[in-house]
Amino acid sequence: PTECFLSQPEEKQESTVKAKRRKKKKISDILEKSAPKPGVPADLQNLLSQHFGENRSVIEIEELKLSDSCFLPANDLTHSFSSYLKEICPKWAKLRKSHKEKKSVVMLVICSSALRSLELIKSMTAFKGDCRVLKLFAKHIKIKEQMNMLEKGVFHIGVGTPGRVKALVEQDGLCLNSTKYMILDWNWRDQKLRRMMDIPEV
């Protein structure tokens, strides 16, 4: 009798433990498998129509469509940031000299975080030359400070986050009339492996 010890209940316990240990699929696991690829105009068009599709009429959605001529070639992922900017904007020196307007920038770079903005500012040194770059993000910088800087000085490049750029435009701190280039930091992923376009608030 001592030999036939409770073996069946033990098996059941093991199976319940195994069931508990099953991992849930996280979004980062799915994103980890997707390799970075150059963005194409259709990617942005699809995002715009998805976002505005529910609360806009067909005519309004048609007006939001941008022709392919509005887009420059995307970084094919072989370029550094500076070399990519040199390729898409070969006449930068001329543009920089002719820009005299306050409250505006010639080039606007949009990325998902303040830290990423700083990283991109450092990596564009070979391209920017002696032009003035303005940080357009919320971390440690008040919006009023940025508005004052834009009013008083002439800046050529603005690098920032979507939220702060939107706030500056809405409060008439940043005018986009003289903006010739808008660069979206499309493929960079944060700690959760999300791209800027994967963040719902954006």
Side-chain angles (χ1 to χ4, degrees), residues 39 44 47-48 51-52 55-56 60 63-64 66 70-72 74-75 79-192 194-202:
L44 188 62
L47 274 173
L48 285 170
H51 181 73
F52 293 111
N55 53 14
R56 299 281 169 109
E60 285 175 319
E63 284 174 357
L64 282 172
L66 299 161
C70 296
F71 294 88
L72 292 160
N75 187 343
H79 282 288
S80 70
F81 191 44
S82 274
S83 69
Y84 170 66
L85 293 176
K86 280 177 185 173
E87 187 190 86
I88 61 161
C89 185
K91 295 176 181 175
W92 176 245
K94 197 178 177 182
L95 274 172
R96 191 181 74 211
K97 281 174 189 169
S98 61
H99 178 66
K100 299 275 187 285
E101 283 180 54
K102 290 176 182 178
K103 288 173 74 174
S104 67
V105 289
V106 180
M107 185 180 284
L108 187 60
V109 183
I110 297 180
C111 40
S112 59
S113 72
L115 287 170
R116 178 63 177 163
S117 301
L118 292 170
E119 207 177 289
L120 288 177
I121 290 167
K122 280 179 190 170
S123 66
M124 65 162 74
T125 41
F127 167 78
K128 68 183 173 93
D130 60 351
C131 77
R132 296 182 74 193
V133 180
L134 185 62
K135 299 168 191 167
L136 302 173
F137 49 78
K139 206 170 195 173
H140 311 305
I141 310 166
K142 289 177 181 171
I143 193 163
K144 281 185 180 174
E145 284 176 43
Q146 287 166 336
M147 285 170 83
N148 287 339
M149 286 168 84
L150 280 159
E151 260 180 57
K152 288 171 185 173
V154 174
F155 289 90
H156 305 91
I157 303 174
V159 185
T161 53
R164 181 49 63 93
V165 170
K166 184 185 177 209
L168 283 163
V169 171
E170 283 173 351
Q171 292 181 37
D172 202 30
L174 178 65
C175 176
L176 300 175
N177 291 345
S178 57
T179 302
K180 303 262 187 287
Y181 297 89
M182 190 165 105
I183 317 287
L184 299 175
D185 187 24
W186 193 263
N187 271 310
W188 185 80
R189 296 182 186 274
D190 63 12
Q191 285 177 321
K192 292 179 183 174
R194 298 176 306 177
R195 299 171 308 159
M196 176 167 65
M197 299 305 170
D198 300 321
I199 301 164
E201 298 80 39
V202 174

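As a basis for the values below, the full set of heavy atoms in this structure was taken, side chains included, without hydrogen atoms, waters or symmetry mates.
Looking at every heavy atom in both residues, Ser123 comes nearest to Ser82 through O-OG, 2.9 Å. When all heavy atoms are compared, the tightest approach of Phe155 to Leu134 is CD2-CB, 3.7 Å. Considering all non-hydrogen atoms of both residues, Cys131 and Arg96 come closest at CB-CD, 3.1 Å. When all heavy atoms of Val109 and Phe81 are compared, the closest pair comes out as CG1-CZ, 4.0 Å. In terms of heavy atoms, Gln146 sits closest to Leu136 at NE2-CA, 3.6 Å. Nearest heavy-atom pair across Val154 and Arg132 is O-CD, 3.4 Å.
Within the structure, salt bridge (charged side-chain N to carboxylate O under 4.0 Å, His left out) pairs that include any residue of residues 100-109 comprise Lys103-Asp172 (at least two apart or interchain). Residue pairs meeting the ring pair (Phe, Tyr, Trp, His ring centres under 6.0 Å) criterion with at least one member in residues 96-133, sequence neighbours excluded: Trp92-Phe127, His99-His156.
To the nearest 0.5 Å, the span separating CG on Leu64 from CG on Leu44 amounts to 10.5 Å. The CD1 atom of Ile110 lies 10.0 Å from the OG atom of Ser117; values are rounded to the nearest 0.5 Å. Atom-to-atom distance recorded for His51:NE2 and Arg56:CZ is 8.0 Å, nearest 0.5 angstrom. Separation of atoms CD (Glu145) and NZ (Lys135) is listed at 11.5 Å; rounding is to 0.5 Å.
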(request) Please test Arg116 against Glu119 for salt bridge (Lys or Arg N to Asp or Glu O under 4.0 Å), starting from the C-alpha separation and ending with a verdict. (result) CA-CA 5 Å; Arg116 178 63 177 163; Glu119 207 177 289; 2.6 Å; yes
(message) For Met197 and Trp186: C-alpha separation, side-chain torsions, deciding distance, then whether side-chain contact (heavy atoms from CB on, under 4.5 Å) applies.
(response) CA-CA 7 Å; Met197 299 305 170; Trp186 193 263; 3.4 Å; yes
Contacts table for residues 177-184: side-chain donor-acceptor under 3.5 angstrom, sequence neighbours left out:
unit_1: Ser178; atom_1: OG; unit_2: Ser104; atom_2: OG; d: 2.9
unit_1: Thr179; atom_1: OG1; unit_2: Val105; atom_2: O; d: 2.9

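No donor-acceptor pair under 3.5 Å is formed between the side chain of Glu87 and the backbone N or O of Asn75. Ser113 places no side-chain N or O within 3.5 Å of a backbone atom of Thr161 that could act as its donor or acceptor partner. At distances below 3.5 Å, at least one donor-acceptor pair connects side-chain atoms of Asp198 with backbone N or O atoms of Arg195. Of the possible donor and acceptor atoms, one in the side chain of Arg164 sits under 3.5 Å from a partner among the backbone N and O of Ile141. Not a single donor-acceptor pair under 3.5 Å links the side chain of Ser83 to the backbone N or O of His79.
Atom NZ of Lys128 is surrounded by more than 12 heavy atoms from other residues, nucleotides or ligands within 6.0 Å.
Taking the side chain as every heavy atom from C-beta outward, Ser112 and Val202 never approach each other to under 4.5 Å.
Among Leu95, Val133, Ile157, the single residue meeting the side-chain contact (heavy atoms from CB on, under 4.5 Å) criterion with Met107 is Ile157.
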